[in-house]
Structures are given as C-alpha cells and as structure tokens.
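Shown next, in structure tokens, is the structure this report addresses.
No hydrogens, no waters, no symmetry mates; every other heavy atom, side chains included, goes into these values. Chain letters run A, B, ... following the sequence lines, proteins first, then strands; residues in each count from 1.
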Number of protein chains: 2
Amino acid sequence: MYFYGNFSTMTRSEENYLKAIFHLGGLEHKAVSTNAIADRMETKPSSVTDMAKKLSEKGLVAYTKYKGVSLSKKGSQTALSVIRKHRLWETFLVDKLDFMWDEVHEIAEQLEHIQSEKLIDRLDAFLGFPKQDPHGDPIPSKKGEIQKEYKKLLADVPVATEGICVGVKNSSAPFLRYMDKNSMALGDTIEVLEKEEFDGSLQIKIRNKQIRISNDIATNLFIRPNE
Amino acid sequence: MYFYGNFSTMTRSEENYLKAIFHLGGLEHKAVSTNAIADRMETKPSSVTDMAKKLSEKGLVAYTKYKGVSLSKKGSQTALSVIRKHRLWETFLVDKLDFMWDEVHEIAEQLEHIQSEKLIDRLDAFLGFPKQDPHGDPIPSKKGEIQKEYKKLLADVPVATEGICVGVKNSSAPFLRYMDKNSMALGDTIEVLEKEEFDGSLQIKIRNKQIRISNDIATNLFIRPNE
DNA sequence: AATTAAAATTAGACACGTCTAAAAATATAT
DNA sequence: ATATATTTTTAGACGTGTCTAATTTTAATT
C-alpha cells in the first residue's frame with residue numbers, strides 16, 4: 001500500500017485515468033468513451049470499465065453504462081492539479097536541467113505524482129511562475145484555472161511572429177520525412193516573414209535560411225510564439 | 001531462470017526494502033533480522049519474509065531461513081543508488097527550493113524512486129556535485145562509492161570548529177525540552193569556542209550567544225562542520 | 001426491421017504486496 | 001536439558017489493478 005500524503009486518497013492509477021479523461025473530454029468535460037480512454041492509456045477497455053466504476057463511486061466522474069464517463073468538478077480539479085504538476089516539472093527539466101523539450105515527457109509522467117502541495121508551490125516560484133510549459137501548453141494555476149493554448153498553428157499567426165516549433169499536428173511518416181528533408185526540426189526557431197493571401201503559403205526563416213512552405217505544411221506545425 | 005541482461009526493473013517496494021537492509025546492515029552488509037526490517041519499515045515480519053525470498057531470487061540479497069538477509073553486491077549497489085537519489089533530492093529541496101532541512105525527508109522518500117539516470121546526473125551537476133546532504137550524510141557517487149559520515153558529534157570536533165546542528169542522537173522528550181529551554185534548535189550554527197578537558201564540557205556560540213554545555217549534551221548533538 | 005459489426009461490460013483469473021493466525025525453528029531461562 | 005519465550009516462517013486471505021474470453025448492449029448496414 002502506498003501513501004503519498006495524509007489527506008490524499010488518490011492513487012497513481014486514478015490520477016492517470018483522470019488526466020486521460022480530461023484530455024479527451026476537453027474543458028467542457030464532454031463524455032468520453034471507454035475505448036478512447038483505453039487507446040490513450042494503452043490499456044484494455046475492461047480495465048477502463050473497472051476504473052470508471054471506482055472513480056464514479058468516489059464522485060470524480062459521472063458514469064453511465066455504455067455511455068462513457070465525464071469528469072465532475074472534483075474530478076477535473078484533480079486532473080488539472082496533476083497536469084499542473086506535469087507541466088511545471090517539464091519546465092523545470094528544460095529550464096534548469098537543460099533537457100531538450102522533447103525528452104521530458106516520460107520523466108514528468110513520474111514526477112507529476114509526487115504529493116506535496118508545498119513542493120509544487122515552491123517549484124512554481126523557483127521557475128518564476130511560468131504560464132506555459134516547453135511545449136507551449138498552458139500551466140493551470142493553483143486554483144485550477146487554465147488559459148487558452150499558447151501554442152498555435154503556424155498558419156494562424158500573423159506575419160512577423162517569431163517562436164519555437166513545438167509540435168506537429170499530424171505526425172505521419174511522410175510529414176516527418178518532409179521536415180527532415182527541409183532540415184526543419186522540432187525545437188527550431190521559426191520566423192514568419194511573409195504570407196501569401198492567395199494560397200496561404202508562407203515565407204519563413206528557419207535555421208537562418210529562408211524557405212517557402214505551403215499552407216498544408218503550415219497547418220500541421222505548432223509554434224509557441226515568443227512573448 | 002535465464003535473463004538477457006538482468007533488465008528486471010526494481011519496484012518501489014523492493015527499493016525500500018533494499019534501502020532499509022542497507023541502513024541496518026551497514027557498509028559491511030551484515031546480516032539483518034526479519035524483525036529489525038519489519039520494525040524499521042513499519043510492516044509485519046511475514047511481509048519481510050515474503051520480500052526476502054523475492055529479493056533473493058533476484059540475486060539482490062543472500063537469504064537463509066531463520067538467519068536473516070544480507071545484501072549482495074548488486075543489492076547494495078541498488079540501495080546506494082536509491083540513497084544517492086534521496087540525498088540529492090534533499091539537497092535540491094533545501095538549496096534550491098528553500099525548504100528547511102527537517103521537512104524534506106517525506107518528499108525525498110517519494111522522489112528517490114523516480115527512474116531516470118540522466119535526471120539524476122543532471123540534478124547532481126545542477127547542485128554542483130554536492131558531497132553531503134543537508135543532514136550531513138554523505139551522498140554516494142554514481143559508482144556507488146560512499147564517504148564516511150560528514151556529521152560528527154559535537155563532542156568529537158576540535159575547538160574552533162563551526163558548523164550547523166543537523167541532528168540529535170537521542171531525541172527523547174527531556175532532551176528536546178532542554179534544547180528548547182536553551183533556545184537551541186536544529187539548523188542553528190554552532191561554534192565551539194573552548195573545551196574543558198576535565199569534564200568534557202564545551203563553551204559554544206549559538207545564535208550569537210555564548211553558553212556552556214555539558215559533555216552529556218555534546219555527545220547527543222550532531223554537527224555538520226563547514227568546509 | 002433484421003442482421004451484422006462495433007463497443008462496452010461481466011466473469012473469472014492473476015501478480016503484487018500486504019495482512020492475520022497458526023506452526024515451526026531458534027534462543028533463553030530455570 | 002527441558003520448558004518457556006521469542007523469532008521467523010507458512011498458509012491462506014484480501015485489495016488494487018490488470019488481463020482474457022465470453023456476453024450483452026448499442027450502432028451501422030442492408
């Protein structure tokens with residue numbers, strides 16, 4: 001039996017389920033299907049059903065047989081607290097320990113379950129109360145408030161925006177090959193120099209080279225604009 | 001049983017047992033009794049027996065029925081790695097997050113189980129490769145080498161030594177009351193001004209006040225001498 | 001509407017780590 | 001050396017979280 005703190009009855013597994021349900025159900029707490037959760041967590045639907053019952057008993061989700069689960073207020077607060085911890089730790093790893101932004105996820109998956117409110121408050125302060133993590137995702141406040149995404153599709157930012165390429169929407173092999181071929185990589189700084197109204201193509205600067213990318217590409221790349 | 005590279009991962013529970021066995025058996029890996037482990041871990045002897053078998057199967061301890069367990073080389077290396085992590089995290093909490101030295105243990109008990117060699121290497125570097133933790137206990141090297149205790153009994157340090165009071169040997173209520181009455185607290189800086197050969201009493205400076213303490217007191221207080 | 005396909009649930013099993021209660025081995029005392 | 005006390009182990013159980021295989025419910029198709 002594992003105790004992480006005196007007043008927390010949440011197990012690691014429960015926290016992971018809540019987090020998955022939050023990500024799938026969005027801020028509106030839409031109902032999420034059993035299979036969707038199983039896919040995301042790489043587990044079996046039967047395991048999800050078991051946990052759904054358990055979380056429902058604890059008042060963390062609303063669960064109706066065959067109708068999926070949706071987070072309660074209490075459930076989403078818990079999920080947000082875990083997400084907050086995850087993103088603060090990721091920020092710590094990148095800002096303080098010089099990790100690359102794309103190698104911190106696994107470690108943060110472990111760190112996010114450390115139970116100590118004081119620890120998280122201190123970490124938050126130590127990092128200068130960051131509002132977004134290295135992937136451009138917003139860090140929920142202590143109260144569970146969460147801002148809109150800081151990362152944007154490259155296609156959606158105005159001309160002259162500069163930022164870091166933090167993700168791809170469609171990580172298909174052909175697309176990744178395209179990026180490779182054009183020597184673009186996640187983590188690169190990108191500046192939008194010019195936008196062609198007609199076809200939505202962009203002139204960008206990346207690695208100090210100018211290249212032209214199509215709208216298709218631009219709608220597949222996430223950028224975290226610099227302040 | 002045949003393994004390809006002994007890639008068996010350690011569970012949290014196994015790590016905790018190894019750590020307890022290490023602390024009880026000392027650097028010489030003395031055999032440790034079932035009850036001693038149960039006491040230290042606040043568990044039942046029967047649970048310890050179960051785990052002893054398991055650890056023995058994995059080659060982490062030598063176990064003979066009714067004769068206790070002793071760490072193998074592999075087992076002590078694992079224990080030292082957990083202890084290293086524990087002490088590095090404690091150092092982080094105190095040095096970087098401004099925790100008091102006496103409030104970090106619980107949190108470090110959780111953090112010590114985070115699995116990522118790279119993380120610990122980076123943390124070590126970030127902290128400036130500390131050789132001792134906030135309690136004056138030595139931090140094992142990456143290879144598992146461990147130095148002698150840095151903390152010493154106040155009675156054993158030479159005159160003119162200055163350091164921080166990092167622990168008590170006997171934490172009985174009367175002794176703690178004594179400390180309180182003399183406005184001494186763990187964490188205080190202490191300087192040894194004078195030592196009386198005859199009765200071993202000391203003249204010390206603490207909180208900018210000079211007081212005289214008996215040898216009995218001095219053999220109950222741990223000090224971590226400054227470099 | 002009936003049939004087929006997909007999704008979700010149940011039933012039963014298992015590994016892990018723990019426990020209690022009873023039995024066995026070892027240590028202590030008379 | 002025998003009886004008693006202590007320590008340790010075994011046997012059997014439980015809760016958590018997972019799984020497979022079979023069943024039930026819902027969705028999609030003809």
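Atom C1' of nucleotide dC16(C) and atom CG of Leu55(B) are separated by 13 Å, given to the nearest angstrom. Distance, Met51(B) CE to dT10(D) P: 16 Å, rounded to whole Å. Separating the NZ atom of Lys67(B) from the P atom of dA25(C) is a distance of 12 Å, rounded to the nearest angstrom. Summarising the geometry, the separation between NZ on Lys53(A) and P on dA8(C) is reported as 14 Å, rounded to the nearest angstrom. Atom P of nucleotide dC14(D) and atom NZ of Lys44(B) are separated by 19 Å, given to the nearest angstrom. Computed from coordinates, the Asp50(B) CG to dC14(D) C1' distance equals 14 Å when rounded to whole Å. Atom CE in Met10(B) sits about 13 Å away from atom P in dC16(C), given to the nearest Å.
Residue Ser47(B) has a polar side-chain atom (N or O) positioned under 4.0 Å from OP1 or OP2 of dC19(C). Neither OP1 nor OP2 of dT6(D) sits under 4.0 Å from any side-chain N or O of Tyr66(B). Within the structure, a side-chain polar atom (N or O) of Thr43(A) is placed less than 4.0 Å from OP1 or OP2 of dC19(D). Side-chain N/O atoms of Lys65(B) include one lying less than 4.0 angstrom from OP1 or OP2 on dT10(D). The side chain of Ser13(A) places no N or O atom within less than 4.0 Å of a non-bridging phosphate oxygen (OP1 or OP2) of dT16(D). Checking the phosphate oxygens (OP1, OP2) of dC16(C), no side-chain nitrogen or oxygen of Tyr17(B) falls inside 4.0 Å. In this structure, Thr34(A) reaches the dT9(C) phosphate: one of its side-chain N or O atoms is under 4.0 Å from OP1 or OP2. Between Asn35(A) and dA8(C) there is a side-chain N or O to OP1 or OP2 distance below 4.0 Å.
No hydrogens or angles considered: nothing links the side chains of His86(A) and Asp133(A) as a donor-acceptor pair under 3.5 Å. Under the 3.5 Å distance criterion, with hydrogens and angles disregarded, a donor-acceptor pair is assigned to the side chains of Ser201(B) and Asp199(B).
You'll find that the side chain of Ser46(A) is closest to dT10(C), out of dT9(D), dT10(C), dT18(D). Taking the side chain of Ser33(B) as heavy atoms from C-beta on, and the options dT8(D), dT9(C), dT18(D), the nearest nucleotide is dT8(D).
Screening Lys85(A), Lys19(A), Arg12(A) against Glu112(A) for a side chain to side chain donor-acceptor pair (under 3.5 Å) leaves a single residue, Lys19(A).
Under the 30°/60° scheme for interplanar angles, the aromatic rings of Trp89(B) and Trp89(A) are found to stand perpendicular.
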